[in-house]
Amino acid sequence: VQLQASGGGLVQAGGSLRLSCAADRRTFSPYAMAWFRQAPGKEREFVAGISWRAGTTYYADSVKGRFAISRDHAKITVYLQMNSLKFEDTAVYYCAVNTGGSYYAPGSYGYWGQGTQVTVSS
């Protein structure tokens, strides 16, 4: 499975961005998908996850109330709506497919997109 992420860019603090991640398979029904991010000099961290069938969502505390993850079955796409962006949200954002395990652990994800840069200016 190949994942194509898009939607990153430069935005002022308080602004919004919407990331998209499309899978290249026509028939694709993962257990779950998620967004992670990695800032320079820091470890990759969980941002938000969603179960593919039920749509149950999970968020890191740092983004609760500001970010929203969603998915489109027909387009085989997962989205991350990011509102009220802060300088500390600056990072490369990665989408990933959960192949088994905790939502919050990068090791649970077997497929990763190429990453899209989000830069928030203060």
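The figures here come from the full heavy-atom set of this structure, side chains too, leaving out hydrogens, waters and symmetry mates. Here, residue 1 is the first one in the sequence, and each next residue gets the next number.
Inter-residue side-chain proximity for Met82 and Val11 is flagged as unmet; no heavy-atom pair is nearer than 4.5 Å. A heavy-atom distance below 4.5 Å is not found between the side chains of Thr116 and Val92. Two residues are said to be in side-chain contact when any heavy atoms from C-beta on lie closer than 4.5 Å; Val78 and Trp35 meet this criterion.
Scanning both residues, Asp89 and Tyr93, for their nearest heavy atoms gives O-OH, 2.6 Å. Taking all atoms of both residues into account, the shortest heavy-atom contact from Thr77 to Ala22 is OG1-CB, 3.7 Å. Taking each heavy atom of Arg66 and Ser84 in turn, the nearest pair found is NH1-O, 2.9 Å. The shortest non-hydrogen separation linking Ser122 to Ala13 is CA-CB, 4.3 Å. Listed here is the closest heavy atom pair of Pro106 and Trp112: O-CZ2, 3.6 Å. Of all non-hydrogen atoms in Val97 and Met33, the two that sit nearest each other are CG2-CE, 4.0 Å.
Here NZ of Lys75 is found 14.0 Å from SG of Cys21. Values are rounded to the nearest 0.5 Å. Here the OG1 atom belonging to Thr90 is positioned 8.5 Å from the CG atom belonging to Leu10, to the nearest 0.5 angstrom. Tyr111 contributes atom OH, which lies 12.0 Å from atom CG of Asn98 (distance to the nearest 0.5 angstrom).
Residues Thr119 and Gln117 bring a donor and an acceptor atom of their side chains to less than 3.5 Å of each other.
Between the side chain of Gln114 and the backbone N or O of Gln4, no donor-acceptor pair lies under 3.5 Å.
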**Prompt:** Does the pair Arg37 and Val118 meet the rule for a side chain to side chain contact (heavy atoms under 4.5 Å, CB included), with working shown?
**Reply:** CA-CA 9 Å; Arg37 67 186 181 187; Val118 172; over 6 Å; no

**Request:** Evaluate the side chain to side chain contact (heavy atoms under 4.5 Å, CB included) criterion for residues Phe67 and Leu17: first the C-alpha distance (whole Å), next the side-chain angles of each, then the deciding distance (0.1 Å), finally the verdict.
**Result:** CA-CA 10 Å; Phe67 290 11; Leu17 282 175; over 6 Å; no

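Tracing side-chain contacts under 4.5 Å through hydrophobic residues (I, L, V, M, F, W, Y), one reaches Tyr94 starting from Tyr58; they form part of the same cluster. Tracing side-chain contacts under 4.5 Å through hydrophobic residues (I, L, V, M, F, W, Y), one never reaches Tyr79 starting from Leu85; they form parts of separate clusters.
Relative orientation of the Tyr31 and Tyr103 rings is tilted, given thresholds of 30° and 60° on the angle between their planes.
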